[in-house]
4 protein chains.
Amino acid sequence: MRAVKSKPRKIATAKSGNTRPAANKVGVTSTQTGRTARPSNRAARAAQRRAAIIAAGLDEFTARGFAATRLDDVARRAGVAKGTIYLHFKDKEALFQELVRTALVPLIVNLTALPAAGGSIREILERFAEAFVRDVAETRRGDIVRLIMAEGARFPSLADFYFREVVSRGLEGMRKLIEGGIARGEIRDARLADFPQIVVAPALVAVMWQGLFGRHAPLDAVAMLRIHLDLIFGERRVS
Amino acid sequence: MRAVKSKPRKIATAKSGNTRPAANKVGVTSTQTGRTARPSNRAARAAQRRAAIIAAGLDEFTARGFAATRLDDVARRAGVAKGTIYLHFKDKEALFQELVRTALVPLIVNLTALPAAGGSIREILERFAEAFVRDVAETRRGDIVRLIMAEGARFPSLADFYFREVVSRGLEGMRKLIEGGIARGEIRDARLADFPQIVVAPALVAVMWQGLFGRHAPLDAVAMLRIHLDLIFGERRVS
Amino acid sequence: MRAVKSKPRKIATAKSGNTRPAANKVGVTSTQTGRTARPSNRAARAAQRRAAIIAAGLDEFTARGFAATRLDDVARRAGVAKGTIYLHFKDKEALFQELVRTALVPLIVNLTALPAAGGSIREILERFAEAFVRDVAETRRGDIVRLIMAEGARFPSLADFYFREVVSRGLEGMRKLIEGGIARGEIRDARLADFPQIVVAPALVAVMWQGLFGRHAPLDAVAMLRIHLDLIFGERRVS
Amino acid sequence: MRAVKSKPRKIATAKSGNTRPAANKVGVTSTQTGRTARPSNRAARAAQRRAAIIAAGLDEFTARGFAATRLDDVARRAGVAKGTIYLHFKDKEALFQELVRTALVPLIVNLTALPAAGGSIREILERFAEAFVRDVAETRRGDIVRLIMAEGARFPSLADFYFREVVSRGLEGMRKLIEGGIARGEIRDARLADFPQIVVAPALVAVMWQGLFGRHAPLDAVAMLRIHLDLIFGERRVS
DNA sequence: GATGAATGAGAATTCATTCAT
DNA sequence: AATGAATGAATTCTCATTCAT
């Protein structure tokens, strides 16, 4: 019964080739992360390094949490020297905050982009559920959500930011959808508009589940979310 | 934008009287925590100290997380010397694990005790929801759940234990209830028995919410859970 | 042309015997510094260690200045572990300040004790000059004065303390003596009472001289101070 | 009780205009320091940069001491890139040494130039005293003297240089003056020629005083030096 | 059993120096 | 020549763990 602190000595440096999985790229264009093509100009190189640090930091922070992460490891994983981190970030905390924010942007983008496609509210939510499971719950992005849940209490400003930029916006969008569903007669219970959290809850549980128990007890998140939607919309479907 | 690391210098020691709020006692009998009455015999004294350490550790670990917690602070809060901790626990990690387990016992007890009271499944679940919000989401016990969510990824054995002792049992109990509901015609969608998580999800979201956003955006958890139950059982009640 | 930074690897630890010169003891009773007899009780041991750290710190700080001194070296020289320093002093700066203050006490004591012996003002000042040269200018105590001159600008509070506790008191005492000398007709120029610094100046120069040029160009400080006194009192003596 | 380490972020660079006070130019011709007129030829430009670095270094080293000075700050203050310093100086220490030497030249010049003007020895020394207070004790030049006193012990070669170039020459010049005074009957005590330090001592004390206590307890250095001269020459003047 | 002083490995951060552009 | 990004050795400070009292 040991805590996971296997020190990742000798992690792939940039020079020796990048072995990070594709899922690693969180809000970082894949070409940047790879560090294979080296841009000719200074600014691009700097941006690249910064991105590498953020990517490496994300890996480490999600794997170990804020306090247990060593900047030494972040540097090694990013393929830069320890001091280089400090050229881009004031201190460990600034890196952490910046990193979470950077990682959140694509989440926000996703959330706001989804409804656009059209169709019935039920269809929109179903697409949302599938996209969420595919792109968040079962990928690296889910780590960010888990990271925020884990460290949020210790970083109120982070929780605030997350609330402001993701949660309140997301819930507001969800409320709009629900109101649309009520107006169109798809959703019966009008009180649902007061608690968009209900609609989202199983999705969040899926995220936590994958992170904590996924390995031992996999969860068919898509099926679960579909049943939950049936609860909300009335179980027309047979799937 | 700072992390919360307010060092709790000069925390009430046992000698100077215990000022911790009642909510502090999590799975620790109040007489033990208080350290007011001093048992005459050795064994009882030892047990008392051990309990004080566990209680103090719970406070610190939930407030700061595993890595950021100082045993110094735990000792001070428990009113014992630092070395004493090592008389009871092999190391910091053993304390942490032991402590979470100890804290989980009453949760398990609660979960298994609830259905006993009788009534319709709907009534049972409603009682469960109220009890959960009252005793977990809005109290110190919620901190434990949040702690497990936060550190679970770093302590697989802990996540395993939690899964085995709490989650699987709890879900199994919930499944039984759901099947009862289906059999009695209270619940229409039979597939719900495959995903008891759906029933529990809003409750968990309430726990997370209180911990992260509760201060700025309070959530009427009871109302939310009731609406969710209406979704599951059909909205007979309008409360 | 190199700066002096010869790292004193393997300095005498307490265990291997104390090789520090006798002149080292600055306001620290010799029995304490030696660390030969180990006191039976805790408190005494602690005081002893604290004293050892202060003594070691004085050596290092006077030899290298504040910024260039490594606490590692102080610890090694004091025969304690690095962390032990932090049990006694908040940080490097606190050690430095505390150390200078501690070292100043005997200086103050000396200054205030000297006039007591009696005799003509001229005799008192001559005794003072001899004592100063013997006990300060040519010993470890002079290092403290030089240290304050060197770091004073960087540590205003230290300069303030030095001014308050040593300089102003010392000058005040000197003024009293001068006024006595004027009253008794020993000193002709009454304006000297306005500038006791004049009387002290050659003594200070002697301190600086020994520190900077003493090795190459020794200065007969006693002779110099005597001639200076002749200037002040009229050159009756021809020595 | 904090050490003074106010990091001079955003110091006026050469490009943004030089805001340093006139007193800054210590042995550096003002046109060089200003970096306003840009010479057309390479060599002149280089010399200009070198001078700017020296001037900036002087500011920083006198303000913080050798060890605590950051070349980053020197570069910023000089309006050059950090690397440029290394084009002119081997390393930090070379800059320091070179800088002190450069700064000392005008001091030497001053010392040797003064007696030339003629008049009685008393008059010469009085002129010297006034010039010293005006040009050294109360200006940036005093910082150099203080710097040498502070770092001299750590840089023996520097102390040697200072001794050779300034102290011994200066004292020799002073001895000549004293001998002149004795020959002319102005000075009675012939032994003064053996200790020119006595004549200089109050001037040095004035320098130290201004640096350490000047802010809180200003000293009328000119008045003090005059009284001291009266001691040496017999108090004819009452001023 | 308790204690808490002492330890020293370890982590964050700084900064002199180098070097590709 | 000049630049300033990058480096990594060095240093301060922390804290889990030990152990003499």
Side-chain angles (χ1 to χ4, degrees), chain A residues 7 38 40-43 45-46 49-50 67-76 79-93 95, chain B residues 7 42-43 45-46 49 67-76 79-95, chain C residues 5 7 38 40-43 45-46 49-50 67-75 79-95, chain D residues 5 7 42-43 45-46 49 67-76 79-95:
Chain A
K7 306 190 181 183
R38 65 161 47 189
S40 49
N41 58 81
R42 282 269 182 87
R45 295 282 287 298
R49 272 163 185 279
R50 191 188 154 89
T69 291
R70 290 180 294 263
L71 289 190
D72 231 351
D73 291 338
V74 173
R76 200 169 7 241
V80 302
K82 232 181 321 169
T84 305
I85 293 176
Y86 289 87
L87 294 177
H88 294 277
F89 306 94
K90 189 180 144 291
D91 57 12
K92 188 183 179 183
E93 197 173 321
L95 167 61
Chain B
K7 307 190 180 182
R42 278 282 177 82
R45 291 266 228 93
R49 277 166 184 278
T69 289
R70 290 180 293 263
L71 290 190
D72 231 344
D73 290 337
V74 174
R76 197 170 13 242
V80 302
K82 225 186 327 172
T84 305
I85 293 176
Y86 287 86
L87 295 177
H88 293 277
F89 305 94
K90 186 180 145 288
D91 58 13
K92 189 183 181 184
E93 196 174 321
L95 167 61
Chain C
K5 34 179 160 175
K7 307 191 181 183
R38 66 161 46 189
S40 50
N41 57 80
R42 280 270 182 89
R45 295 282 288 298
R49 273 162 184 278
R50 191 188 153 91
T69 290
R70 291 180 293 264
L71 290 189
D72 231 352
D73 290 338
V74 173
V80 302
K82 232 180 322 168
T84 305
I85 294 177
Y86 290 88
L87 294 177
H88 294 276
F89 306 94
K90 191 182 139 290
D91 56 13
K92 188 183 178 183
E93 197 173 322
L95 168 60
Chain D
K5 31 180 156 174
K7 305 192 180 181
R42 281 277 177 86
R45 293 265 226 94
R49 275 166 185 278
T69 290
R70 289 181 294 262
L71 290 190
D72 230 345
D73 290 337
V74 173
R76 200 173 6 245
V80 302
K82 224 186 325 174
T84 304
I85 294 176
Y86 287 86
L87 295 177
H88 294 277
F89 306 93
K90 184 179 148 292
D91 58 13
K92 189 185 181 184
E93 197 175 321
L95 167 60

Considering every strand and a 4.0 Å limit on heavy-atom distances, what is the contact class for C/Leu87: base, sugar-phosphate, or nothing?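 Base: the residue C/Leu87, judged by heavy atoms under 4.0 Å, touches a nucleobase.
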Base, sugar-phosphate or nothing for A/Lys82? Non-hydrogen atoms, less than 4.0 Å.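 Touches a base.
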Where is the tightest heavy-atom contact between [X] and [Y], given as atom of each residue plus distance?
{"X": "B/Lys92", "Y": "B/Thr69", "value": "NZ-O, 2.8 Å"}
{"X": "A/Ala46", "Y": "A/His88", "value": "O-CE1, 3.4 Å"}
{"X": "D/Leu71", "Y": "D/Ile85", "value": "O-CD1, 3.7 Å"}

Please report the distance, rounded to the nearest Å, between [atom1] in [X] and [atom2] in [N].
{"X": "B/Lys92", "N": "F/dA16", "atom1": "NZ", "atom2": "P", "value": "4 Å"}
{"X": "A/Lys90", "N": "E/dT14", "atom1": "NZ", "atom2": "C1'", "value": "13 Å"}
{"X": "A/Arg50", "N": "F/dA6", "atom1": "CZ", "atom2": "C1'", "value": "16 Å"}
{"X": "D/Arg76", "N": "F/dA2", "atom1": "CZ", "atom2": "P", "value": "20 Å"}
{"X": "C/Asp73", "N": "F/dT12", "atom1": "CG", "atom2": "C1'", "value": "13 Å"}
{"X": "C/Arg70", "N": "F/dC13", "atom1": "CZ", "atom2": "C1'", "value": "16 Å"}
{"X": "D/Asp72", "N": "F/dA5", "atom1": "CG", "atom2": "P", "value": "10 Å"}
{"X": "B/Phe89", "N": "E/dA2", "atom1": "CZ", "atom2": "P", "value": "12 Å"}

Heavy-atom nearest nucleotide on DNA chain F for B/Tyr86 versus A/Thr84: which residue maps closer to 5'? A/Thr84
Go nucleotide by nucleotide along DNA chain F from the 5' end; which of C/Ala68 and C/Gly83 gets its closest nucleotide reached first?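 Nearest nucleotide further toward 5': that of C/Ala68.
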Working to the nearest 0.5 angstrom, can you tell me the gap between C/Lys82 NZ and C/Asp73 CG? 11.0 Å
Any chance you could measure A/Arg50, atom CZ, to A/Leu95, atom CG, to the nearest 0.5 Å? 9.0 Å
Taking for each residue the nucleotide of DNA chain E bearing the nearest heavy atom, is the 5' side occupied by C/Ile85 or by A/Leu71?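 The answer here is C/Ile85.
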Closest of E/dT17, E/dT13, E/dT21 to the A/Arg45 side chain is E/dT21
E/dA16, E/dA12, F/dG8: which one has an atom nearest the side-chain heavy atoms of A/Ala81?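 Nearest to the side-chain atoms of A/Ala81, counting from C-beta on, is F/dG8.
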Presence of C/His88 side-chain N/O under 4.0 Å of E/dA6 phosphate oxygens OP1/OP2: yes
Would you please confirm or rule out a distance under 4.0 Å between OP1 or OP2 of E/dA6 and any side-chain N or O of C/Arg49?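 Answer yes for this pair, as a side-chain N or O of C/Arg49 is under 4.0 Å from OP1 or OP2.
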Does the structure show a Watson-Crick or G-U wobble partner for F/dA20, both distances under 3.5 Å? Name it, or say none. E/dT3
